Amino acid sequence: AFRMRRRIHFLGAFADHNSIRNVWLNRLVRPREVRYVGSLHEKPEFRGESRALAGSLDHYPFGKGIEHWIGRRNAYSTLAARAEAQTLPEFSLTDLFSADPVARRRALNAVYRRAPARWLVFFFYNLVVELCFLDGGRGMALVLLETFYEFMTVAKVRELKEAHRAEVFSAPRSVGS
């Protein structure tokens, strides 16, 4: 298998200063030797190691416009919130320091999912570490849109948990319990 970094095209150019571009994706695999796991953002599982390719996988998520992207992200945030409200991703501490960038990214993502106000963490990481402002207004707009997606997911998780809590406390209790 081979992995490549993703490059995001936004408002007429590729955005180079954001954490989204640092995602390594295992994409070139033999179909007979891979299976995909997960219901949201399926991940390939295969035997052996993946090797890095120097090129990038060009991604055009805004090809149909920002309005279309927002509609898709709204739907994705609902799916992500439902999955997250049920269980958080597991990880091992050794994966946080793994030489494999895919394993390390999954472990960091699992830790990140547990962070309070993670949407703020996302925004400030992209502002201070990734220097998204170096891509100008385009880079800032991209990071703000992705930050909003994170915020929607967090808000929907909270909404689901509050609804569940209300159900539990409003459920009729039998006599003697």
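Quantities reported herein were computed from a predicted structural model and do not represent experimental measurements.
In this structure, the side chain of Arg72 does not engage the main chain of His68 through any donor-acceptor pair within 3.5 Å. Using modelled atom types, no side-chain atom of Arg27 and backbone atom of Arg3 make a donor-acceptor pair closer than 3.5 Å. With hydrogens and angles ignored, the 3.5 Å screen pairs no side-chain donor or acceptor of Asn18 with any backbone N or O of Cys132. Asp95 places no side-chain N or O within donor-acceptor distance of the main-chain N or O of Arg104, the cut-off being under 3.5 Å. At least one donor-acceptor pair closer than 3.5 Å links the side chain of Tyr112 to the backbone N or O of Arg118. Of the possible polar contacts, one joining the Lys156 side chain to the Asn74 backbone as a donor-acceptor pair under 3.5 Å is found.
Tyr36 and Glu45 share no side-chain donor-acceptor pair at under 3.5 Å. Under 3.5 Å, the side chains of Ser56 and Arg5 contain no donor-acceptor pair of N or O atoms.
To the nearest 0.5 Å, atoms CG (Leu53) and CZ (Phe2) are separated by 6.0 Å. Atom CD of residue Glu84 and atom CG of residue Leu160 lie 10.0 Å apart, to the nearest 0.5 angstrom. Taking CE of Met140 as the start and CG of Leu134 as the end, the distance is 10.5 Å to the nearest 0.5 Å. Residue Asp135 holds its CG atom at 8.0 Å from CG of Leu142, rounded to the nearest 0.5 Å. Separating the CD atom in Glu159 from the NE2 atom in His164 is a distance of 14.5 Å, to the nearest 0.5 Å. Distance check: Thr147 OG1 to Asn126 CG gives 6.5 Å after rounding to the nearest 0.5 Å.
Under a hydrophobic-cluster definition in which Ile, Leu, Val, Met, Phe, Trp and Tyr are linked whenever side-chain heavy atoms come within less than 4.5 Å, directly or via other members, Leu120 and Tyr125 are assigned to different clusters. Residues Val29 and Met4 do not share a hydrophobic cluster, defined by chaining ILVMFWY side chains whose heavy atoms lie under 4.5 Å apart. At a threshold of 4.5 Å between side-chain heavy atoms, the hydrophobic network of Ile, Leu, Val, Met, Phe, Trp and Tyr places Phe97 and Val111 in one connected group. Both Phe148 and Phe133 are assigned to one and the same hydrophobic cluster, defined by single-linkage of ILVMFWY side chains at heavy-atom distances under 4.5 Å. Val34 and Leu25 are not part of a single hydrophobic cluster, where members link through side-chain heavy atoms under 4.5 Å apart.
Side-chain contact between Phe151 and Glu146 is absent, with no heavy-atom pair separated by less than 4.5 Å. Contact of the Leu11 side chain with the Ile66 side chain is registered, since non-hydrogen atoms from C-beta on lie closer than 4.5 Å. Annotation: side chain of Asn26 is in contact with side chain of Phe46 (closest heavy-atom distance under 4.5 Å).
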Stepwise side chain to side chain contact (heavy atoms under 4.5 Å, CB included) check, Arg82 with Thr78: CA-CA 6 Å; Arg82 287 178 184 156; Thr78 299; 3.6 Å; yes
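The cationic atom of Arg7 (NZ for Lys, CZ for Arg) lies less than 6.0 Å from the six-membered ring centre of Phe14 and within 45° of the ring axis. For the pair Arg73 and Tyr149, the cation-pi criterion (under 6.0 Å, within 45° of the ring axis) is fulfilled.
A salt bridge does not link Glu33 to Arg47: none of the charged side-chain nitrogens sits closer than 4.0 Å to a carboxylate oxygen.
The local environment of CZ in Phe62 is crowded, with over 12 non-hydrogen atoms from other residues, nucleotides or ligands closer than 6.0 Å. By the neighbour-count criterion of 12 heavy atoms within 6.0 Å, atom NZ of Lys64 is sparsely surrounded, having that number or fewer from other residues, nucleotides or ligands. Within a 6.0 Å sphere centred on CD of Glu162, heavy atoms belonging to other residues, nucleotides or ligands number more than 12.
Considering all non-hydrogen atoms of both residues, Ser92 and Ala107 come closest at O-CB, 4.3 Å. The two residues Phe123 and Leu144 come nearest to each other via the heavy atoms CE1-CD2, 3.6 Å. Taking all atoms of both residues into account, the shortest heavy-atom contact from Pro61 to Ile8 is CG-CG2, 4.0 Å. The shortest heavy-atom contact between Ala141 and Phe10 is CB-CE2, 3.8 Å.
Tyr60 and His9 have tilted rings, their planes meeting at an angle from 30° to 60° on a 0 to 90° scale.
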